[in-house]
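Here is the structure we will look at.
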Amino acid sequence: MKARRTPWWYYLIAALLGAFAGAGLVRLTQSSQINVLGAPWFVSAMLVLIAAIVLYMAWQVHLYVTGKRRQMDATRAVNTLVLAKALGIAGAALFGWYGGQLLMSLSHAEAPFYAEVIKECLFAAGAAVIDMVIGIIAERWCQLPPNQGPEHPKVKAAQRRSNVANTANNECSEHQS
């Protein structure tokens, strides 16, 4: 299986879907008794903490990939890559979610309830952007160098040098006999 980098437009789609869902939630809240807007401060702090953990894990994989760390469990490396990808996409979706709530709440900023929702959404959207950026960086850190298979130019050149050296050694040993 070959892992590919997450295309940029996945983040865009996740953010747009999140924005529509967040805006829809504000509309629903305005027409009913449901109150689930914003995010407690604890949520923003947890989003940043999760990003820091994934960044640390990705740094460990990066050290292994660059040869500065001798051992790494393959399962841990793959799981770190999956976490990085998920963090980036989830960060984009949450940015859209809180950004959509924020944009829809701005017209009611004079009301104390909405003023608090706007503050919470600003912090949560900022934490989500941090998650998305760290997810993208962590995914890049988990990337393995290109495989130098038999068709790679460096491998072909090394094979030619090896063949020339073997031929020269064979000729020298024939002349000595």
Side-chain angles (χ1 to χ4, degrees), residues 1-22 38-103 119-170:
M1 179 181 104
K2 184 174 181 176
R4 299 183 194 278
R5 300 275 309 275
T6 304
W8 64 269
W9 51 273
Y10 282 24
Y11 301 108
L12 181 63
I13 290 174
L16 288 174
L17 289 174
F20 286 126
W41 307 110
F42 178 76
V43 171
S44 298
M46 290 306 297
L47 287 173
V48 173
L49 178 65
I50 290 168
I53 291 169
V54 172
L55 188 66
Y56 173 76
M57 293 171 66
W59 180 250
Q60 297 301 309
V61 174
H62 182 68
L63 289 176
Y64 174 73
V65 167
T66 58
K68 295 176 183 163
R69 183 178 171 160
R70 292 184 184 224
Q71 294 180 344
M72 169 70 61
D73 181 32
T75 304
R76 180 177 173 196
V78 169
N79 288 342
T80 301
L81 175 63
V82 170
L83 278 172
K85 287 177 171 285
L87 182 69
I89 296 295
L94 287 172
F95 171 70
W97 174 260
Y98 293 119
Q101 289 182 39
L102 176 68
L103 290 175
K119 285 183 214 169
E120 291 174 1
C121 285
L122 274 173
F123 282 104
V129 166
I130 290 170
D131 278 1
M132 181 179 67
V133 169
I134 287 180
I136 293 168
I137 291 169
E139 182 180 349
R140 180 168 294 188
W141 282 353
C142 291
Q143 184 176 356
L144 294 174
N147 184 9
Q148 294 185 358
E151 297 300 317
H152 194 276
K154 288 182 179 178
V155 174
K156 284 184 176 182
Q159 184 66 34
R160 279 194 302 270
R161 284 192 304 270
S162 174
N163 289 342
V164 168
N166 287 339
T167 305
N169 287 339
N170 289 339

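Sequence positions, counted from 1, serve as the residue numbers for this chain.
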### Task
Give a yes or no answer on whether the side chain of E139 reaches the backbone of L81 with a donor-acceptor pair at less than 3.5 Å.
no
### Query
Do you know which two heavy atoms are closest between I134 and A51, and how far apart they sit?
CG2-O, 3.4 Å
### L47/I130 under side chain to side chain contact (heavy atoms under 4.5 Å, CB included): CA gap, chis, key distance, verdict
CA-CA 8 Å; L47 287 173; I130 290 170; over 6 Å; no
### Message
Check this for me: Y11, atom OH, are more than 12 non-hydrogen atoms of other residues, nucleotides or ligands nearer than 6.0 Å?
### Response
yes
### Message
As an exercise, state the distance from CG of L55 to CH2 of W141, rounded to the nearest 0.5 Å.
### Response
4.5 Å
### Message
Determine whether a donor-acceptor pair (N or O, by modelled atom type, separation under 3.5 Å) exists between the side chain of E120 and the backbone of P40.
### Response
no
### Query
Does atom CZ of R70 have more than 12 heavy-atom neighbours from other groups under 6.0 Å away?
no
### Message
Does R76 form a side chain to side chain contact (heavy atoms under 4.5 Å, CB included) with Q60? I'd like the steps, not just the answer.
### Response
CA-CA 10 Å; R76 180 177 173 196; Q60 297 301 309; 3.9 Å; yes
### Task
List the atom of Y98, the atom of G38, and the distance in Å for their closest heavy-atom pair.
CE2-O, 3.8 Å
### Query
Do Q143 and V65 have side-chain heavy atoms sitting under 4.5 Å apart?
no
## Note on the structure
In terms of heavy-atom contacts, D131 and G91 come closest through CB-CA, 4.0 Å
### Message
Tell me whether the count of non-hydrogen atoms from other residues, nucleotides or ligands lying under 6.0 Å of CZ in R140 goes above 12.
### Response
no
### Summary
When rounded to the nearest 0.5 Å, the distance separating CD1 of I53 from OG1 of T80 is 12.0 Å
### Message
Tell me the closest heavy-atom pair linking M132 and A92, and the distance in Å.
### Response
SD-CB, 3.6 Å
### Query
So, do L49 and M46 sit near enough that their side-chain heavy atoms are less than 4.5 Å apart?
yes
### Summary
Minimal heavy-atom distance between S44 and A127, with the atoms involved, is O-CB, 3.6 Å
### Summary
Here the pair of heavy atoms bringing V61 nearest to A77 is CG2-CA, 3.9 Å
### Gap separating the NZ atom of K119 from the CH2 atom of W41, nearest 0.5 angstrom
7.0 Å
### Query
Do F123 and V43 have side-chain heavy atoms sitting under 4.5 Å apart?
no
